[in-house]
Amino acid sequence: MKLLKFVSVLTAAVAVLGMGEALSVSCHADEMLDGDYSYEEGAPFVPYDCAPDEKNSRTIIRRVYDTGYYGTLAVTPFQQENGHYCGPATTRQVIDYLNGSSASQDTYARLLGTTSQGTEMPKIRDVLNQKTSKTYRYNQIGSESTWMNRIETDIKKEKPVVLDIKASNTSEWPYTTKGHYINTSGIDSKTGHDVRIRITDPYWKAFGNRWCTADELYNVNSNHFRQAMIW
């Protein structure tokens with residue numbers, strides 16, 4: 001398998017303004033966002049966690065989901081400082097929300113072992129478990145209903161979920177990426193159909209909190225070779 005080619009990222013006018021960390025990042029027009037260490041780039045296979053109580057938890061979650069729910073988490077977005085820092089930025093977003101404060105993206109990059117190829121997903125789980133009081137698992141996403149149930153129950157527990165995605169630049173998704181990390185920060189299932197999920201995205205083209213359909217988000221998550229989530 002051939003190695004994927006990388007396009008270098010030009011970073012210009014980086015300004016740090018308090019905890020919101022407002023950044024101005026300049027990229028080539030043909031840049032392919034790539035902050036997720038991919039299989040083609042040599043990422044190792046890491047087995048998923050197997051939770052003994054998972055079946056019972058799904059049953060409980062499905063009952064709650066059938067009643068409908070609306071909830072959001074006040075996650076502060078942090079714009080990633082370069083093209084391969086989506087892992088550190090997403091990790092910072094989650095830790096900052098759970099702890100009320102966070103370290104720099106460089107600090108989390110060191111803990112995660114982030115390189116110019118990106119970040120291995122299980123390491124994000126490890127750092128979240130080390131730096132917060134929450135317990136995170138790394139699992140395959142499974143069916144869309146299982147995936148959505150996990151996201152909803154974690155929103156109710158005030159716990160952002162981390163997803164890795166692969167997306168094309170279409171009307172449904174605002175940029176192209178071979179591998180990118182985001183976290184969830186809300187769900188709207190109150191009608192029982194047309195469920196929407198809010199995400200917190202550190203990438204400059206779609207920076208911040210935004211809503212998308214559950215189908216759309218599940219598709220870009222399942223497009224990635226891992227088809228994984230940290231929840």
Side-chain angles (χ1 to χ4, degrees), residues 4-7 9-10 23-41 43 72-73 75-94 117-121 124 139-152 154-155 160-189 191 193-231:
L4 294 173
K5 296 182 179 179
F6 295 94
V7 180
V9 179
L10 295 180
L23 301 175
S24 176
V25 180
S26 175
C27 301
H28 288 299
D30 60 349
E31 178 195 349
M32 177 81 78
L33 177 66
D34 186 21
D36 182 356
Y37 194 34
S38 72
Y39 178 79
E40 293 88 348
E41 294 156 357
T72 62
L73 306 179
V75 177
T76 300
F78 292 95
Q79 188 168 313
Q80 63 189 79
E81 296 177 0
N82 57 48
H84 56 272
Y85 257 30
C86 59
T90 298
T91 300
R92 183 178 185 186
Q93 288 173 169
V94 175
Q117 294 176 320
T119 305
E120 295 175 27
M121 193 173 193
I124 296 178
N139 285 113
Q140 194 168 19
I141 59 177
S143 68
E144 185 169 353
S145 62
T146 295
W147 171 89
M148 194 153 38
N149 289 341
R150 290 172 177 171
I151 291 174
E152 179 162 319
D154 276 8
I155 293 297
V161 172
V162 176
L163 307 175
D164 58 354
I165 65 169
K166 178 181 179 182
S168 298
N169 191 12
T170 66
S171 58
E172 290 78 27
W173 204 261
Y175 53 79
T176 296
T177 174
K178 296 175 292 185
H180 181 54
Y181 293 116
I182 57 176
N183 65 262
T184 62
S185 55
I187 191 166
D188 179 2
S189 62
T191 64
H193 57 86
D194 299 326
V195 178
R196 298 188 306 152
I197 296 174
R198 194 177 81 157
I199 62 172
T200 307
D201 195 332
Y203 186 43
W204 66 277
K205 282 189 176 180
F207 176 64
N209 292 306
R210 72 177 188 275
W211 290 94
C212 54
T213 66
D215 289 344
E216 173 186 322
L217 186 59
Y218 181 78
N219 285 339
V220 295
N221 195 184
S222 62
N223 283 344
H224 194 278
F225 82 92
R226 285 194 194 94
Q227 298 188 333
M229 64 195 304
I230 298 171
W231 64 291

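Excluded from the calculations below are hydrogen atoms, water molecules and symmetry mates; all remaining heavy atoms, backbone and side chain alike, are included.
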Does the side chain to side chain contact (heavy atoms under 4.5 Å, CB included) test come out yes or no for Tyr181 and Leu163, once each step is laid out? CA-CA 6 Å; Tyr181 293 116; Leu163 307 175; over 6 Å; no

Any side-chain heavy-atom pair from Thr146 and Ile141 closer than 4.5 angstrom? no

Name the residue from Val161, Val94, Val75, Asp154 that meets the side chain to side chain contact (heavy atoms under 4.5 Å, CB included) definition with Thr184. Val161

Atom of Arg150, atom of Gln140 and distance for their closest heavy-atom approach: NH1-O, 2.9 Å

Could you work out, with side-chain hydrogen bond (donor to acceptor under 3.5 Å, both in side chains) as the rule, every residue matching Asn221, not counting sequence neighbours? Trp147, Asp164

If I compare all heavy atoms of Gln80 with all of His84, which pair ends up nearest, and what's the gap? NE2-N, 4.3 Å

I'd like to check Pro174 versus Lys205 (side-chain heavy atoms, cut-off strictly below 4.5 Å). Are they in contact? no

Is the shortest side-chain heavy-atom distance between Asp201 and Pro77 below 4.5 Å? no

Should Met148 and Val195 count as side-chain neighbours, where that means a heavy-atom distance under 4.5 Å? yes

Separation between CD1 of Ile165 and OH of Tyr203, rounded to the nearest 0.5 Å: 11.0 Å

Testing Tyr85, Tyr175, Trp173 one by one against His180 for a ring pair (Phe, Tyr, Trp, His ring centres under 6.0 Å), which residue passes? Tyr175

For Ile155 and Gly186, which heavy atoms make the closest approach, and how far apart are they? CD1-N, 3.4 Å

How would you list, by chain and number, every residue that makes a side-chain hydrogen bond (donor to acceptor under 3.5 Å, both in side chains) with Glu144, sequence neighbours excluded? none

Out of Asp188, Ile199, Ile197, Leu217, which one pairs with Trp211 under the side chain to side chain contact (heavy atoms under 4.5 Å, CB included) rule? Asp188

For a 4.5 angstrom cut-off between non-hydrogen side-chain atoms, does Pro160 reach Gln93? no

So NE2 of His224 and CE of Met229: to nearest 0.5 Å the spacing works out to 14.5 Å

If you look at every heavy atom in Ser222 and Asn219, which pair is closest and at what distance? OG-O, 3.1 Å

Between Arg226 and Asp36, does any side-chain N to carboxylate O distance fall below 4.0 Å? yes

Verify the distance criterion only: is there a donor paired with an acceptor across the side chains of Asn209 and Thr200 at less than 3.5 Å? yes

Taking every non-hydrogen atom, the tightest pair across Glu152 and Ser189: OE1-OG, 2.9 Å

Would you give the length of the straight line joining atom OG of Ser168 to atom NZ of Lys178, rounded to the nearest 0.5 angstrom? 12.5 Å

Rounded distance (nearest 0.5 Å) linking atom SG of Cys212 with atom OH of Tyr218: 14.5 Å

Between the side chains of Ser185 and Arg198, is a donor N or O closer than 3.5 angstrom to an acceptor N or O? yes

